[in-house]
Engineer: 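Structure incoming, see below.
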Amino acid sequence: MRLIRIGYACINTILPSPNRTCRLKNAAPERIEELARENLGRLAAILEWNRDHAIHLFRISSETIPFASHESVYLDWETALAPELQKLRNLIRLTGMRISMHPGQFTVLNSPKEKVVENSIRELDYHAALLDTLAHDMSHKIVLHIGGVYGDKSASARRFKENFQRLPDRVKTRLIVENDEKNYTAADVHAIAVDLGIPAVFDIFHHSCHPFTEKSPIEKIIQRAMETWKAEDGRPKLHYSDQWPGKHAGAHSETVDMKAFKAFYEIVRDLAVDVMIEVKDKEQSVLKIYNEIPDLRGLF
DNA sequence: CCGCGTCAAGTTCAT
DNA sequence: ATGAACTTGACGCGG
């Protein structure tokens, strides 16, 4: 039996933020370099904390290198920050932890606006470049939503697939696609993933907000998503969150609801999957889960 | 020093 | 029309 692994995204609530940035008007290369160096140091501190708490998954913030894909800002960060990057690479390799990234809402590969697509391709290439410097193998992924619908979902899905072909190879080999809470269902995303030959991430919370029409048991949906993953992609990934009570449907909760999580756990407990926990209190929820389900803690 | 308006970028939906 | 939400609030001006 293999146990699932869990992790969290972008920040640790008890450590300094690895998302320092500045305003564009202050974005001189020296300033960016200084901020990025501090972000990488803080990221190392988070990964060390994760190692010490047996947390194996972490999503690295897209803001680690500020303005990295902005056309009016240039910094050769791979050279300038080589020592900091080397330290992180060693830490990741020695611990075997898995990292990922998830570009922000401005990355829309299927936009009808050419400029938006170009910006998105550059942003995705930055994500691939950073992951390449931090981890050699292709299990460290870039998670992306399909994007907008623009009144015609099938045409927009087709445009996503066409624009995927424009991506550099280093992005294509890391890109995985995720269902969202209002536009593209798990079934939509699965079809696109199969057509492109890339993995699909199943987000169970988004699915609960936006299920597809034919009722399919969660077990079956997860099974189908897992089939899109090849050996070199690493363990299939799932996203988990709960609804923030009282807020609009789709608002991520403050913390994991253990009753709901245990129900989810019963479905996935024997699967070789990695689960990203997306809640506001971050590592606190991971620790809470470890306390309630001690079997999950000891896998490092 | 602190409060709070603003910040590179897109799209959708609730109000 | 406007604002909130999205994987993550942080910056920095004005008082």
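What you are looking at is a predicted structure, and each value in this text was computed from that prediction instead of being measured. So that the names make sense, note that chain A is the first sequence line, chain B the second, and so on, each numbered from 1.
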Engineer: Can a donor-acceptor pair be found between the side chains of A:Asp242 and A:Tyr240 at a distance below 3.5 Å?
Structural biologist: yes
Engineer: Does either side chain, that of A:Glu283 or that of A:Thr13, offer a donor lying less than 3.5 Å from an acceptor on the other one?
Structural biologist: yes
Engineer: I'd like the P distance from C:dT8 over to C:dC13, given in whole Å.
Structural biologist: 27 Å
Engineer: Is it the case that the side chains of A:Arg93 and A:Asn90 hold a donor-acceptor pair, with the cut-off being a distance below 3.5 Å and no angle test?
Structural biologist: yes
Engineer: Taking the basic N atoms (NZ, or NE/NH1/NH2) and the acidic carboxylate oxygens, is any pair closer than 4.0 Å for A:Arg31 and A:Glu38?
Structural biologist: no
Engineer: If you measure from the Lys or Arg side-chain nitrogens to the Asp or Glu carboxylate oxygens, is any gap between A:Arg174 and A:Asp132 under 4.0 Å?
Structural biologist: yes
Engineer: Rounded to whole Å, please give me the gap between CG in A:Leu35 and P in C:dA10.
Structural biologist: 13 Å
Engineer: Across the strands shown, which category fits A:Ala251 at heavy-atom distances under 4.0 angstrom: base, sugar-phosphate, nothing?
Structural biologist: sugar-phosphate
Engineer: Extract all donor-acceptor atom pairs below 3.5 Å that involve side chains of residues 191-203 of chain A and protein atoms in other chains or at least two apart in sequence.
Structural biologist:
| from | atom 1 | to | atom 2 | distance (Å) |
| --- | --- | --- | --- | --- |
| A:Asp195 | OD2 | A:Lys161 | NZ | 2.7 |
| A:Asp203 | OD1 | A:Phe205 | N | 2.9 |
| A:Asp203 | OD1 | A:His206 | N | 2.8 |
| A:Asp203 | OD2 | A:His206 | ND1 | 3.2 |

Engineer: Rounding to the closest angstrom, what is the interatomic distance between B:dA9 and C:dG12 at atom P?
Structural biologist: 16 Å
Engineer: Students often get this wrong, so: under 4.0 angstrom with heavy atoms, is A:His210 touching a base, only sugar-phosphate, or nothing?
Structural biologist: nothing
Engineer: What integer distance in Å separates A:Lys115:NZ from B:dA8:C1'?
Structural biologist: 12 Å
Engineer: Report which part of the nucleic acid A:Ser69 touches: base, sugar-phosphate, or nothing (heavy-atom distance under 4.0 Å, all strands).
Structural biologist: base
Engineer: Using distance alone, with no hydrogens and no angle criterion, decide if A:Thr255 and A:Lys288 have a side-chain donor and acceptor under 3.5 Å apart.
Structural biologist: yes
Engineer: If I take atom CZ in residue A:Phe67 and atom C1' in nucleotide C:dC11, what distance separates them, rounded to the nearest angstrom?
Structural biologist: 10 Å
Engineer: Requiring both pairing distances under 3.5 angstrom, list the stems that contain DNA chain B and are made of three or more consecutive Watson-Crick or G-U pairs.
Structural biologist: B:1-7 with C:9-15, B:10-15 with C:1-6
Engineer: Any N/O pairs under 3.5 Å between the protein and nucleotides 10-15 of chain B? List them or say none.
Structural biologist:
| from | atom 1 | to | atom 2 | distance (Å) |
| --- | --- | --- | --- | --- |
| B:dT11 | OP1 | A:Ser111 | OG | 2.8 |
| B:dT11 | OP1 | A:Tyr150 | OH | 2.6 |
| B:dT11 | OP2 | A:Lys113 | NZ | 2.7 |
| B:dT12 | OP1 | A:Val149 | N | 2.9 |
| B:dT12 | OP1 | A:Tyr150 | N | 2.9 |

Engineer: Mind checking side chain to side chain contact (heavy atoms under 4.5 Å, CB included) for A:Arg37 and listing every partner two or more places apart, or none if nothing turns up?
Structural biologist: A:Glu33, A:Leu81, A:Glu84
Engineer: Please give the distance between the P atoms of C:dG14 and B:dA8 as a whole number of Å.
Structural biologist: 16 Å
Engineer: If you look at every strand shown and take non-hydrogen atoms under 4.0 Å, does A:Asn119 touch a base, only sugar-phosphate, or nothing?
Structural biologist: nothing
Engineer: Specify the separation, in whole Å, of atom CD1 of A:Ile277 and atom P of C:dT8.
Structural biologist: 13 Å
Engineer: Find the distance A:Glu278:CD to C:dT8:P and express it as a whole number of Å.
Structural biologist: 7 Å
Engineer: May I ask you to verify if any side-chain N or O of A:His145 is less than 4.0 angstrom from the OP1 or OP2 atom of C:dT7?
Structural biologist: yes
Engineer: Assess the side chains of A:Glu123 and A:Ser69: does a donor N or O sit below 3.5 Å from an acceptor N or O?
Structural biologist: yes
Engineer: Indicate whether the side chain of A:Glu278 and that of A:His239 have a donor and an acceptor atom separated by less than 3.5 Å.
Structural biologist: yes
Engineer: Please state the P separation for the pair C:dC11 and C:dT7 - nearest whole angstrom.
Structural biologist: 22 Å
Engineer: Please write out each protein N/O paired with an N/O of nucleotides 12-14 of chain C under 3.5 Å, distance rounded to 0.1 Å.
Structural biologist:
| from | atom 1 | to | atom 2 | distance (Å) |
| --- | --- | --- | --- | --- |
| C:dG12 | OP1 | A:Arg23 | N | 3.2 |
| C:dG12 | OP1 | A:Asn26 | ND2 | 2.4 |

Engineer: Does C:dT7 have its OP1 or OP2 closer than 4.0 Å to a side-chain nitrogen or oxygen of A:His252?
Structural biologist: yes
Engineer: So does A:Ser17 get a backbone contact from the side chain of A:Arg42, meaning a donor-acceptor N/O pair under 3.5 Å?
Structural biologist: yes
Engineer: Determine the Euclidean distance between corresponding C1' atoms of B:dC7 and C:dG3; express it in Å to zero decimal places.
Structural biologist: 16 Å
Engineer: Give me the one residue out of A:Leu130, A:Leu134, A:Leu88, A:Thr21 that meets side-chain contact (heavy atoms from CB on, under 4.5 Å) with A:Thr64.
Structural biologist: A:Leu130
Engineer: In whole angstrom, what separates A:Glu38's CD from C:dC11's C1'?
Structural biologist: 13 Å
Engineer: Taking the P atom of each, how far is B:dT6 from C:dT2, in whole Å?
Structural biologist: 14 Å
Engineer: What residues in residues 157-170 of chain A put a non-hydrogen atom under 4.0 Å from any atom of DNA chain B?
Structural biologist: none
Engineer: Under a plain distance cut-off of 3.5 Å, with no hydrogens placed, do A:Gln223 and A:Glu227 share a side-chain donor-acceptor pair?
Structural biologist: yes
Engineer: Any idea which of C:dT8, B:dA8, C:dT7 is nearest the A:His70 side chain?
Structural biologist: B:dA8
Engineer: Does A:Ser72 offer a backbone N or O that forms a donor-acceptor pair with the side chain of A:His70 under 3.5 Å?
Structural biologist: yes
Engineer: Once you round it to whole Å, what is the distance between C1' of C:dT8 and CD of A:Gln284?
Structural biologist: 16 Å
Engineer: Give the rounded distance in Å between these two atoms: CZ of A:Arg59 and P of C:dC6.
Structural biologist: 12 Å
Engineer: Please confirm whether the ring centroid of A:His127 lies under 6.0 Å from the ring centroid of A:His102.
Structural biologist: no
Engineer: May I ask you to say what A:Pro18 touches in the nucleic acid, namely base, sugar-phosphate or nothing, with a heavy-atom cut-off under 4.0 Å?
Structural biologist: nothing
Engineer: I'd like to know if the side chain of A:Thr107 reaches the main chain of A:Pro103, judged simply by a donor and an acceptor atom lying under 3.5 Å from each other, with no hydrogens or angles considered.
Structural biologist: no
